[in-house]
Amino acid sequence: MTDHALAENTTEFDYRNLDAPPYSWPATPKSKLTPSGAEATLPEDIAEFQKTLRDFAVNVVRPIGIELDRLSPEEVIAKDSRFWEFRQKYLELGVTIEALSQMPPREAALLFGILFEELGYGDAGLAISVGAGILPQWLSAKFGRADLLEEFPDTMLGCWGITEPDHGSDMLDPSLSAAQPGGKYGRPNIVADLRGDDIILNGQKAAWVSNGVIADVCILYCAADSGNGPDPQNGCVLVFPMTLPGISRGKPLDKMGQRALNQGEIFFDNVRLPRKYLLAGPEDYQRAVYCIHAEANALMGATFTGLAQAAADMALDYAHERIAGGTQIINHQSVKSRLFHMFRKVEASRAITRRGLDYNNDPETAVPSLCAAMFSKTTGTQNSFEVCSDALQIFGGNGLTKEYPMEKMLRDARASLIEDGCNEVLAIKGGSYLIDDEKLGK
């Protein structure tokens, strides 16, 4: 048979399996990310709540945060301030410790992460106010103290008193794992005297206590004196109302970023506390520091993932509007490259934060990983600062003006590299958790 005859009798082979998903794609495939990036399908109730949170972030949190940013610290907390409007509307969302505790732990962790991503999307300072505001109740629940939860409901605004004037991040390191060899942290600024029937507090906490000037309830971490002098390594944790005699507060702190977040000193002058307010004694102090720090660092990672997402979204929108070089700047290669890396960093921050929260709330995890929470905080905050800086660069000169929110967002992100333990100290302390004592021969 000739070649020509063979060709005439050959049926063309169709190699395509049209049931395979790629054949339903456009001929030139392209996909859009969801409002929170490469987000797989969420449980229906969480997905709906995320929509509510995004609307809350954009229409309530962000405009109030921008307004508060331009006020003095005293005006931010005044009775007629919109801070209190924000606070009331947040409470109306119904996110309570009781509601979270009734959810499956890993589902609650997912909701917790999304909550602070969306609050951070609106305003980082107000998000941190919410985070610090729930810590007394959150830790009371962790330690099984139903009596404290009953006395201090979610409607009471909390603060976390740990940072001290001469110590800062040192207070997060009672195990001394981040201390310079041979170094000493020195005498603490506040000591709880545990020797009597009541606990006596004397000293002060630093100006960086979030909600410190306005809080209703405090969770206080401090050195303890059980009879051998002040011991910062075996201190105590107390949860108590801020109306006790002998408690006074300093001026609200005037600072560069997160100006919507009230911060200020707290002073204790022979404050007498009943023993019922003792959450953790010296034998449990390092457990309590570890526990709250793992929670707070995860909260920071989520919040500043949200801030970075907001900055990236705004920059992307602006790049479609702004014309330079005769075209919308989104068409310039340098802008496309910059935006790609901004969104990549947001995705990395979200992934590491969600993964750490999931691991630390898995019932099969014997001890949560503070190291994983530190991954979240350091990655989320560093990426947020870089993304906000790149977003401002895309806005150009407009980004430097208060007409646009970029300069505020950059200031808010910059503060995050220091708060809740500066990133350099966290890296040292986090590295210590990677040490395998068996490999050291111990």
Side-chain angles (χ1 to χ4, degrees), residues 112-113 116-117 120 124 127-128 131-132 135 138-139 160-181 183 185 205-206 208-210 219 221 232-233 235 237 257-258 261 263 285-308 345-346 348-361 365 367-388 412-436:
F112 182 86
F116 282 96
E117 284 176 29
I128 298 302
L135 286 176
W138 191 262
L139 267 290
W160 177 21
I162 188 167
T163 180
E164 296 188 356
D166 300 325
H167 302 295
S169 298
D170 294 348
M171 289 298 296
L172 296 173
D173 187 39
S175 64
L176 303 178
S177 57
Q180 181 73 9
Y185 286 153
K205 286 297 183 182
W208 299 103
V209 177
S210 295
I219 182 166
Y221 281 63
Q233 280 72 56
V237 182
Q258 298 179 36
L261 169 65
Q263 294 178 302
Y285 184 64
Q286 294 198 28
R287 293 187 180 98
V289 174
Y290 189 99
C291 182
I292 198 168
H293 201 195
E295 301 291 334
N297 262 198
L299 178 156
M300 288 286 290
T303 295
F304 289 94
T305 295
L307 174 58
K345 289 175 181 178
V346 174
S349 296
R350 178 176 291 109
I352 201 168
T353 296
R354 297 272 189 92
R355 181 175 168 88
L357 280 166
D358 190 40
Y359 178 79
N360 284 347
N361 288 274
T365 300
V367 178
S369 171
L370 177 52
C371 193
M374 289 172 168
F375 292 157
S376 170
K377 192 271 178 179
T378 55
T379 303
T381 57
Q382 182 64 41
N383 282 350
S384 183
F385 178 62
E386 293 175 6
V387 168
C388 287
D412 290 348
R414 182 62 186 86
S416 72
L417 303 181
I418 297 171
E419 66 185 321
D420 204 33
C422 72
N423 286 1
E424 292 82 359
V425 171
L426 296 185
I428 297 169
K429 186 171 178 63
S432 72
Y433 289 120
L434 301 176
I435 296 173
D436 187 330

Flag, side chain of [X] to backbone of [Y], donor-acceptor distance under 3.5 Å:
X      : Y      : value
Ser169 : Cys422 : yes
Lys377 : Ser416 : yes
Tyr433 : Ser369 : no
Lys205 : Tyr221 : yes
Thr365 : Tyr359 : yes

For [X], enumerate each residue passing the side-chain hydrogen bond (donor to acceptor under 3.5 Å, both in side chains) test, keeping only those at least two apart in sequence or located in another chain.
X      : answer
Glu295 : Trp138, Lys142
Glu424 : none
Arg354 : Glu39, Glu117

Quick one: [atom1] on [X] to [atom2] on [Y], what's the gap to the nearest 0.5 Å?
X      : Y      : atom1 : atom2 : answer
Ile428 : Gln180 : CD1   : CD    : 8.0 Å
Asp412 : Ile128 : CG    : CD1   : 10.0 Å
Leu135 : Ile219 : CG    : CD1   : 7.0 Å
Leu426 : His293 : CG    : NE2   : 5.0 Å
Thr305 : Ile352 : OG1   : CD1   : 9.5 Å
Phe375 : Leu370 : CZ    : CG    : 10.0 Å

_Stepwise side chain to side chain contact (heavy atoms under 4.5 Å, CB included) test for Asn423 and Thr381_ = CA-CA 9 Å; Asn423 286 1; Thr381 57; 3.0 Å; yes
_Does either side chain, that of Glu419 or that of Gln258, offer a donor lying less than 3.5 Å from an acceptor on the other one?_
yes
*Say whether Ser177 and Asp173, considering side chains only, have a donor N or O and an acceptor N or O under 3.5 Å apart.*
yes
Kindly give the heavy-atom pair with the smallest separation between [X] and [Y], and that separation in Å.
X      : Y      : result
Gly356 : Ala372 : CA-CB, 4.4 Å
Gln233 : Pro174 : CG-O, 2.9 Å
Leu307 : Cys388 : CG-SG, 4.0 Å
Ala373 : Ala298 : CB-N, 4.2 Å
Trp160 : Ala296 : CZ3-CB, 3.7 Å
Ser376 : Thr353 : OG-OG1, 2.8 Å

Looking at residues at least two apart in the chain, or sitting in another chain, which of them share a salt bridge (charged side-chain N to carboxylate O under 4.0 Å, His left out) with [X]?
X      : value
Asp420 : none
Asp358 : Arg106
Arg287 : Asp284

*Should Asn383 and Val346 count as side-chain neighbours, where that means a heavy-atom distance under 4.5 Å?*
no
*Mind checking whether Asn297 and Met374 have side chains closer than 4.5 Å, heavy atoms only?*
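The answer is yes, as the side chains (C-beta and beyond) meet within the 4.5 Å cut-off.
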